[in-house]
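Structure, as structure tokens:
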Amino acid sequence: MLNIVWFKRDLRAVDHAPLARAATAGVPVLPLWIAEPALLDAPDASARHLGFTRECLHELDAALAALGSRLWTAQGDACAVLAALHRRFGDFELLSHEETGNAASYARDRAVGAWMRARGLRWTELPANGVVRRLDDRDRWSAAWMTRMQAPTCAAPGALRPPPTGSRGVDIDASCGVDIAPAPGLAAVPDPAARYPGEPDAPLRQRGGRSEAIACLERFLDAPLARYRAGMASPLTAPDDCSRLSPHLALGTVSVRELVQATWAVRRGETDPARRAGLKSFESRLHWHCHFIQKLESEPAIEHRNPHRGFDGLRNEGELDAAERARLAAWRDGRTGWPIVDACMRMLDATGWLNFRMRAMLVSVAAYPLWLHWREPGLVLARRFVDYEPGIHWPQLHMQAGVTGINATRVYSPARQQHDQDPEGRFVRAWLPELGTGDYPPPIVDWASAAREARDRVWAARRAPGAQRVAQQVWSRHGSRHPQREPVRRPRARAAPEPDTRQLALGFDDE
């Protein structure tokens with residue numbers, strides 16, 4: 001008998017419940033990572049994701065080697081890989097964390113579950129964070145999150161028994177339809193440049209690996225946390241004042257619970273009220289991290305459709321026409337004519353990271369004055385964000401595009417954001433050298449009139465007959481509940497409201 005521990009987006013040996021359980025079973029343990037074509041070819045995948053993952057895998061392999069059983073890597077369909085291992089080793093138990101991913105990973109998990117059941121094999125899935133599988137009542141979610149965060153973290157196993165060196169049946173080779181690299185070695189991990197020809201990695205992105213995650217955490221907890229809430233808003237200060245742990249959470253080189261408990265430990269000994277407030281704000285964002293992923297876990301279909309079906313057809317959901325393609329390309333390439341928007345897109349292209357307020361502004365610009373459905377801009381951003389987390393990404397797109405029916409309509413003014421976040425123009429000059437050469441385009445549309453027309457269309461959909469009833473259903477499934485961290489905003493039936501001209505004129509202040 002063999003235990004296979006399947007690493008997906010949990011690339012660590014510490015606080016890894018499936019690995020800890022496998023190690024206590026008294027049988028050999030085969031740690032496994034699979035490069036799956038269906039995921040690598042998905043429209044939200046990119047070279048920068050794979051590059052960051054490779055770096056994480058190298059550190060994971062070293063950590064597992066120190067425990068006695070190095071990482072096996074494979075390329076191919078997950079069921080085909082498991083079938084090849086079954087032919088070689090015989091029956092096994094598969095252990096992994098639960099995953100809330102994109103449609104491709106969801107379909108893969110269903111297929112693997114069916115394959116395992118057909119052969120009478122056990123697949124044990126364990127929670128990875130504060131997301132609750134088969135949650136039947138959103139009112140109970142925050143309490144479940146707190147219970148999980150308070151549970152002790154599990155240490156890395158003391159030792160792992162490696163799989164046997166002998167084989168049973170056929171050897172694993174290309175004739176089995178998969179490419180498996182037995183440990184030691186990561187030969188089956190694709191090279192990003194070869195896998196995505198013509199698509200460069202982000203030259204200034206963060207490096208992957210647990211050591212990098214721990215360094216980020218230590219730097220952040222030692223930083224002047226009194227600046228955290230204010231500093232996160234501006235693209236000038238956010239790179240230094242934010243934790244920069246988001247890509248490590250996305251790939252699981254650290255767990256949410258590790259970060260929450262580290263934050264609690266520092267806060268218990270902190271006497272400075274300003275630093276304590278910064279730590280509390282950081283904890284609330286870790287809570288929101290899982291809150292958003294829970295939305296996709298509870299309703300996977302919202303990756304591709306509006307949470308509130310009353311907004312279906314509001315924007316073009318099919319193939320883009322020529323004018324829409326031109327607007328999307330200008331936004332994607334940082335050529336909209338709004339300097340702070342274009343500078344943010346250039347920074348994102350080079351670094352793979354952008355602070356939350358500027359992310360929200362990019363989506364708002366695409367959804368309102370450029371009047372694009374959220375899906376295509378969302379794919380552009382998904383490929384560029386090194387910290388792409390589907391469960392956070394798509395619900396945030398919905399919020400900023402105004403298609404939830406339960407959130408404020410966020411229309412960001414580039415001019416206002418420029419005034420507030422980069423008043424001296426240092427950020428835009430750093431990322432838009434053409435500003436001083438006369439080679440910079442005028443605004444692609446008149447922002448005021450285009451934004452006003454877009455907002456009126458969205459509000460018309462919110463006022464439509466039956467829209468409030470559907471909004472209540474959305475809130476029941478996805479809305480915030482926690483009385484301290486998540487103010488309840490129950491949608492109410494009311495007379496047709498006047499548009500919030502303050503938000504239209506000034507941009508939404510979310511911090």
Side-chain angles (χ1 to χ4, degrees), residues 1-11 13 16-40 60 64 67-129 131-136 154 157 159-183 188 252 297-298 300:
M1 188 65 177
L2 176 73
N3 278 344
I4 296 178
V5 179
W6 184 10
F7 289 87
K8 297 196 266 184
R9 293 192 301 131
D10 50 355
L11 306 183
H16 196 290
L19 183 65
R21 180 174 296 193
T24 61
V27 300
V29 175
L30 189 156
L32 175 68
W33 180 86
I34 308 173
E36 303 168 70
L39 272 63
L40 295 174
L60 175 62
L64 293 170
L67 302 178
S69 186
R70 295 186 66 171
L71 185 67
W72 287 51
T73 59
Q75 283 194 58
D77 173 81
C79 291
V81 169
L82 294 175
L85 292 171
H86 190 234
R87 287 191 293 271
R88 176 164 182 174
F89 294 109
D91 287 351
F92 58 80
E93 179 178 351
L94 182 66
L95 300 98
S96 75
H97 277 124
E98 296 170 346
E99 181 181 9
T100 304
N102 60 10
S105 70
Y106 183 50
R108 179 274 317 279
D109 281 354
R110 291 170 66 90
V112 168
W115 187 91
M116 295 287 291
R117 288 191 299 272
R119 287 151 185 82
L121 302 176
R122 179 187 299 173
W123 181 13
T124 300
E125 291 185 278
L126 300 171
N129 48 36
V131 176
V132 180
R133 182 147 292 180
R134 290 178 288 278
L135 179 68
D136 61 355
C154 53
L160 299 172
R161 285 179 57 190
T165 56
S167 63
R168 165 180 167 172
V170 299
D171 288 334
I172 298 171
D173 57 28
S175 66
C176 301
V178 297
D179 177 16
I180 297 183
E297 173 67 32
S298 297

Flag side-chain contact, heavy atom, 4.5 Å: Phe89 against Ile4: no
Expected output: side-chain Glu125 to main-chain Glu98 donor-acceptor under 3.5 Å: no
Leu94 CG to Leu85 CG distance, which is reported to the nearest 0.5 Å: 10.0 Å
Neighbour count >12 (heavy atoms, 6.0 Å) for atom CZ, Arg122: no
Heavy-atom pair with the smallest gap, counting every atom of Ala23 and Ala159: CB-O, 4.1 Å
pair Asp109-Lys8: side-chain heavy atoms closer than 4.5 Å: yes
Verdict with supporting geometry, Trp33 and Leu11, side-chain contact (heavy atoms from CB on, under 4.5 Å): CA-CA 9 Å; Trp33 180 86; Leu11 306 183; 4.2 Å; yes
Side chain Arg110, main chain Tyr106, donor-acceptor under 3.5 Å: no
Point-to-point distance, once rounded to the nearest 0.5 Å, from CG of Leu71 to CZ of Phe7: 7.0 Å
Closest non-hydrogen atom pair between Val5 and Ala22, with its separation: CG2-CB, 3.5 Å
Nearest atoms (heavy-atom pairs only) where Pro163 meets Leu2: CB-CD1, 4.0 Å
Residues Leu32, Leu82; criterion side-chain contact (heavy atoms from CB on, under 4.5 Å); working and verdict: CA-CA 10 Å; Leu32 175 68; Leu82 294 175; 4.3 Å; yes
Straight-line distance of Leu19 CG to Ser96 OG, nearest 0.5 Å: 12.0 Å
Approximate separation, where rounding is to 0.5 Å, of His86 NE2 and Leu121 CG: 5.0 Å
Non-hydrogen side-chain atoms of Thr124 and Pro18 separated by less than 4.5 Å: no
Which atom of Ala35 lies closest to which atom of Leu40, heavy atoms considered: CB-CD1, 4.1 Å
Full working for side-chain contact (heavy atoms from CB on, under 4.5 Å) between Val81 and Ile180: CA-CA 8 Å; Val81 169; Ile180 297 183; 4.0 Å; yes
Gap between atom CZ of Phe92 and atom CE of Met116 - 0.5 Å precision: 5.0 Å
Thr100 versus Glu297, closest heavy-atom pair with distance: OG1-OE1, 2.6 Å
Short side-chain to backbone donor-acceptor contact, Ser69 and Val29, under 3.5 Å: yes
For the student: nearest non-hydrogen atoms of Ala188 and Asp179, plus distance: CB-O, 3.8 Å
Interatomic spacing from CG in Asn3 to CD in Glu93 - rounded to 0.5 Å: 5.0 Å
Side-chain donor or acceptor of Arg133 paired with backbone N/O of Pro127 under 3.5 Å: no
Arg108 bridged to Glu99 by N-O distance under 4.0 Å: yes
Parallel, tilted or perpendicular, as decided by the 30° and 60° cut-offs, for the rings of His16 and His97: tilted
